[in-house]
Asker: 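Just dropping this structure here.
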2 protein chains.
Amino acid sequence: MKLTTKIESFVMHCGEMGSRWGFNRTVGQMYGLLIIHENALTAVEISEALNISRGNVSMGIKELQSWRLVQVQHKPKDRKEYYSPAGSIWEMATRVFEERRKREVDPTLSLLRDNLLDEPSNQKEVYAQEKMHEIHDLLETGTHWARELQSMSPEKLKTLMKLGSGVSKVINFTDKLINKS
Amino acid sequence: MKLTTKIESFVMHCGEMGSRWGFNRTVGQMYGLLIIHENALTAVEISEALNISRGNVSMGIKELQSWRLVQVQHKPKDRKEYYSPAGSIWEMATRVFEERRKREVDPTLSLLRDNLLDEPSNQKEVYAQEKMHEIHDLLETGTHWARELQSMSPEKLKTLMKLGSGVSKVINFTDKLINKS
DNA sequence: CTGATGTTTCAGTAATTTCTGAAAGTTTAA
DNA sequence: TTAAACTTTCAGAAATTACTGAAACATCAG
């Protein structure tokens, strides 16, 4: 499992970005490796390519599975597990997005909803609740939009973008049409 | 600087989510506190409210400033600095989004661009470059869209959402209109 | 200038997160 | 049922990240 310079630079970059993307360095590297490699890899191959322990690979795979980002395959006459990325690049992006929403936004929305149910008990809380309300609405709007965009195919998105008019123009236009009728 | 239960739960939640949102626990708490508090706060007030050292507040403020999320004010006859959130909730969300893009996406785009300039030197690299190309295009499309959405006011977004038709329907509709003409 | 009142920096420490490797667990073929 | 081939788990070690508090720095009023 010797990696060429270019491939290695990609894999290492995924590692460095890993923590920013929601997982840790090795998990990032593992994911990068699986994406960039045409064939599915065994745990041992991964551990050798990245110089990490076998146990760490196992934990990393578990983590990637919790993000629904890897698949396990089996080959006939072979008891080893072969790992490969789950779905197309687009699907992967969608999943990272969704999972991050679950981890980063949903808990906040739920806390805000709870807090907004109570009556404010003093002046400070009135202000606080106003702010919480604003944040709540913003997050709801955001997740709604995200879901809409994700439900579109990447081809459609690209086509639309290439039409030359920005999304906002498109929407302004439609807005006017709808309001007129 | 005694916090009511409800406000405290919000602030602590911001702390717990902090690391997921791109900063660390105390920075998250500090930001939550500034948002939820009507008046600007001094460094000492923050350190007392959150039970953290004065030095930590200073570093946290610096971090929040690097995200363009806090402002400093001065009051007449007072040499202390008063901190408050910069801009509306919408603007803050926009900034978090932008800054995260800078930290999470831009470096990757730049690496991919560099790698794509070179000719692949073997079969494996041909495959690797295909994948990198896909990722590159996806990220470009995504950032483009994000920018478009951010350029719209939240009121406009809300209005549109409440029209009842989903974004994708709106876009499909416009798409047809444009293609017809 | 000087001291009072503030802010920033940073070395050392504390807390947290990640990683290893050995032991335990699982599956399969014979 | 056994043993070979593989995976998972997890306690402790290593690495990383965050925090403190004291010293250095900055600004201003008198």
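Bear in mind the structure is a predicted one, so any value in this text is a computation, not a measurement. All values below come from the heavy atoms of this structure, side chains included, with hydrogens, waters and symmetry mates left out. Note on naming: letters A, B, ... go to the chains in the order of the sequence lines (proteins, then strands), and numbering restarts at 1 for each one.
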Asker: Under 3.5 Å between N/O atoms: give me all the protein pairs with nucleotides 23-30 of chain C, atom names plus distance.
Answerer:
from	atom 1	to	atom 2	distance (Å)
C:dT27	O2	A:Arg79	NH2	2.6

Asker: Answer with yes or no whether the side chains of B:Glu8 and B:Thr5 bring together a donor and an acceptor at under 3.5 Å.
Answerer: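 On atom types as modelled, these side chains do not qualify, holding no pair under 3.5 Å.
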
Asker: What is the distance from CD of A:Glu48 to C1' of D:dC6, rounded to the nearest Å?
Answerer: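 Between C1' of D:dC6 and CD of A:Glu48: 15 Å.
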
Asker: Round to a whole Å and report the spacing from NZ of B:Lys80 to C1' of C:dT8.
Answerer: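 Rounded to the whole Å, the gap is 18 Å.
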
Asker: List for me each residue that meets salt bridge (Lys or Arg N to Asp or Glu O under 4.0 Å) alongside A:Arg113, sequence neighbours excluded, and say none if there are none.
Answerer: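 Per chain and number, A:Arg113 pairs via salt bridge (Lys or Arg N to Asp or Glu O under 4.0 Å) with A:Glu140.
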
Asker: Would you please name every residue forming a side-chain hydrogen bond (donor to acceptor under 3.5 Å, both in side chains) with B:Lys102, sequence neighbours left out?
Answerer: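 So B:Lys102 forms a side-chain hydrogen bond (donor to acceptor under 3.5 Å, both in side chains) with B:Glu99.
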
Asker: Throw together a table of side-chain donor-acceptor distances under 3.5 angstrom for residues 13-24 of chain A, partners on residues two or more places apart or in other chains.
Answerer:
from	atom 1	to	atom 2	distance (Å)
A:His13	NE2	B:Thr108	OG1	2.8
A:Arg20	NH1	B:Arg103	O	2.8
A:Trp21	NE1	B:Glu104	O	3.1
A:Asn24	OD1	A:Thr26	N	3.3
A:Asn24	OD1	A:Thr26	OG1	3.3
A:Asn24	OD1	A:Val27	N	3.0

Asker: Just grab all the ring pair (Phe, Tyr, Trp, His ring centres under 6.0 Å) pairs involving residues 74-116 of chain B, residues at least two apart or on different chains.
Answerer: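 Found none.
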
Asker: Considering only residues two or more places apart or on different chains, which pairs with a residue in residues 98-118 of chain B satisfy ring pair (Phe, Tyr, Trp, His ring centres under 6.0 Å)?
Answerer: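 For residues 98-118 of chain B, and leaving out neighbouring residues, there are no ring pair (Phe, Tyr, Trp, His ring centres under 6.0 Å) pairs at all.
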
Asker: For A:Asp106, which residues count as a salt bridge (Lys or Arg N to Asp or Glu O under 4.0 Å) partner, sequence neighbours excluded?
Answerer: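 By the salt bridge (Lys or Arg N to Asp or Glu O under 4.0 Å) rule, A:Asp106 matches A:Arg101.
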
Asker: Which whole-number value in Å describes the distance from A:Glu63 CD to D:dT7 P?
Answerer: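 Whole-Å distance recorded here is 19 Å.
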
Asker: Send over the distance from B:Ile61 CD1 to D:dC19 P, rounded to a whole Å.
Answerer: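 Interatomic distance, CD1 of B:Ile61 to P of D:dC19: 14 Å.
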
Asker: What residues, two or more places apart in sequence or in another chain, satisfy salt bridge (Lys or Arg N to Asp or Glu O under 4.0 Å) together with B:Lys80?
Answerer: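 Per chain and number, B:Lys80 pairs via salt bridge (Lys or Arg N to Asp or Glu O under 4.0 Å) with B:Asp78.
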
Asker: Could you give the CE-to-P distance, from B:Met30 to D:dC19, as a whole number of Å?
Answerer: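 The distance from CE of B:Met30 to P of D:dC19 comes to 10 Å, rounded to the nearest Å.
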
Asker: Whole angstroms only, please: what is the CD-P distance between A:Gln65 and D:dT7?
Answerer: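 Interatomic distance, CD of A:Gln65 to P of D:dT7: 12 Å.
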
Asker: C:dT17 P sits how many Å from A:Phe23 CZ, rounded?
Answerer: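 My rounded result for the distance is 17 Å.
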
Asker: Among residues 95-108 of chain B, which residues get a heavy atom nearer than 4.0 Å to DNA chain D?
Answerer: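 Those residues whose heavy atoms fall under 4.0 Å from DNA chain D, taken from residues 95-108 of chain B, amount to none.
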
Asker: Give a yes-or-no answer on whether the side chains of A:Glu125 and B:Thr4 include a donor-acceptor pair shorter than 3.5 Å.
Answerer: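 Present: a donor and an acceptor within the cut-off.
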
Asker: Please identify each residue that fulfils side-chain hydrogen bond (donor to acceptor under 3.5 Å, both in side chains) with B:Gln65, with sequence neighbours left out.
Answerer: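 For B:Gln65 there are no side-chain hydrogen bond (donor to acceptor under 3.5 Å, both in side chains) partners, ignoring immediate neighbours.
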
Asker: If a pair satisfies ring pair (Phe, Tyr, Trp, His ring centres under 6.0 Å) and one of its residues is in residues 108-129 of chain A, list it, with sequence neighbours excluded.
Answerer: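 The answer is none; no pair qualifies.
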
Asker: For nucleotides 19-21 of chain C, tabulate all protein N/O to nucleotide N/O atom pairs closer than 3.5 Å, reporting atom names and distance.
Answerer:
from	atom 1	to	atom 2	distance (Å)
C:dC19	OP1	A:Thr26	OG1	2.9
C:dC19	OP2	A:Thr26	OG1	2.5
C:dC19	O5'	A:Asn56	ND2	3.4
C:dT20	OP2	A:Ser53	N	2.8
C:dT20	OP2	A:Ser53	OG	3.2
C:dT20	OP2	A:Asn56	ND2	3.1

Asker: Among the candidates D:dT7, C:dT7, D:dC6, find the nucleotide nearest to the side-chain atoms of A:Tyr83.
Answerer: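 Among the listed nucleotides, the one closest to the side chain of A:Tyr83 is D:dT7.
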
Asker: How many Å lie between CD1 on B:Ile46 and P on C:dG6, as a whole number?
Answerer: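 B:Ile46 atom CD1 is separated from C:dG6 atom P by 15 Å.
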
Asker: Both A:Ser19 and A:Lys62 contact DNA chain D. Which one's nearest nucleotide lies toward the 5' end?
Answerer: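 Its nearest nucleotide being more 5', the pick is A:Lys62.
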
